[in-house]
Amino acid sequence: MTGWEAFAFNFLNPEVAAQYAPMILAGLGVTILLAMLVIVSGLVLGLALAVLRAFGVRPVNWGIIFVVDVFRALPPLVIIVLIYFGLPAAGLALSGFWATWLALTLVLMAFAEEIFWAGISAVPPGQSEAGRAMGLHFLPTLRLIVLPQAIRIAIPPLVNRTIAITKGTALGSVVAVSEILGAAQSGMAFSGNPTPLTLGALAYIVLFIPVVIAGRWIETKFAWRR
């Protein structure tokens, strides 16, 4: 068997690929579902913390800054392991899927809060002053004038962060989540052949190339409007 034949047998084996392709497709579905849940919950919580921080209550802001800094500093894998193996000791057991969702949500929440807060801070003070001059109180000014501009400013960095956190769903394989990588590893273990890993890599390409292209388009669309 030549070098190319050995490579093809190990990584491009058609029989193994046909057998484990359904498993990889199922893992792709789990990855998409997990990523969507993480992105929605993480962005909503991040925006809520940024809005809460805008009220300027110092003890609350100190608590927000502390929580955000902790989850930005900790590696996502460490958070997943702590939640999955630590919470059962406190009487709250989560499946691997929900432990991964909670961990990645907290990470995205922390980064999203800082991005949204940077957007709020970037809005010129004259905008708020104009709202007050029109008779608007703090909340209407924040909702109608400041937040729309802040969110538009925050969109490009948020796109990059959501793409990164979607890639982080692969960490769920550590706690037996059958997403793409987990399914590929299981297929390789059962077959004794790395071809399922090749299928997993192709699944990631199919998933992320459209996402990256869409993200680049969104960044370009909103960058010139700043």
**OP:** In sequence, state the C-alpha distance, the side-chain angles, and the governing distance for L147 and F116, and then conclude on side-chain contact (heavy atoms from CB on, under 4.5 Å).
**Re:** CA-CA 9 Å; L147 278 183; F116 281 124; over 6 Å; no
So which heavy atom on [X] is nearest to which on [Y], and how close?
| X | Y | value |
| --- | --- | --- |
| T100 | G96 | OG1-O, 2.8 Å |
| I120 | A50 | CD1-O, 4.0 Å |
| A103 | I79 | CB-CG2, 3.6 Å |
| G27 | A183 | CA-CB, 4.3 Å |
| I153 | A122 | CD1-CB, 4.0 Å |
| V123 | A150 | CG2-N, 3.9 Å |

Pairwise distance [atom1]([X]) to [atom2]([Y]) - rounded to 0.5 angstrom:
| X | Y | atom1 | atom2 | answer |
| --- | --- | --- | --- | --- |
| I39 | R161 | CD1 | CZ | 12.0 Å |
| L77 | L171 | CG | CG | 5.5 Å |
| L87 | L102 | CG | CG | 7.0 Å |
| I115 | N160 | CD1 | CG | 8.5 Å |
| I165 | F111 | CD1 | CZ | 8.0 Å |
| T169 | M36 | OG1 | CE | 13.0 Å |

Subject >> Intermediate values then yes/no, side chain to side chain donor-acceptor pair (under 3.5 Å), S41 and T105 >> reply: CA-CA 6 Å; S41 54; T105 294; 3.0 Å; yes
Is the closest side-chain heavy-atom distance between [X] and [Y] below 4.5 Å?
| X | Y | answer |
| --- | --- | --- |
| K167 | I163 | yes |
| Y84 | L94 | no |
| R53 | I65 | yes |
| F55 | V60 | no |
| E113 | V67 | no |
| T195 | L12 | no |
| M188 | N193 | no |
| L37 | W98 | yes |

Using the rule that Ile, Leu, Val, Met, Phe, Trp and Tyr join whenever any side-chain heavy atoms are under 4.5 Å apart, tell me whether [X] and [Y] fall into a single cluster.
| X | Y | result |
| --- | --- | --- |
| L106 | W117 | yes |
| L181 | V175 | no |
| L34 | V174 | yes |
| F66 | F71 | yes |
| I205 | L197 | no |

Quick one: does any side-chain atom of [X] pair with a main-chain N or O of [Y] as donor and acceptor, under 3.5 Å?
| X | Y | answer |
| --- | --- | --- |
| E114 | A110 | no |
| T31 | E179 | no |
| T198 | F11 | yes |

Subject >> For Q185, side chain to side chain donor-acceptor pair (under 3.5 Å) partners two or more places apart >> reply: none
**OP:** I would like to know whether L43 and T162 meet side-chain contact (heavy atoms from CB on, under 4.5 Å); could you show each step before the answer?
**Re:** CA-CA 9 Å; L43 293 182; T162 54; 4.3 Å; yes
Original post:
If you link I, L, V, M, F, W and Y whenever their side-chain heavy atoms are under 4.5 Å apart, who else ends up in the same group as V206?
Top reply: none
**OP:** Please go through V16's hydrophobic cluster and name the other residues, only I, L, V, M, F, W, Y counting, with side-chain heavy atoms under 4.5 Å joining them.
**Re:**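 Noted: V16 shares its cluster with Y20, M23, F190.
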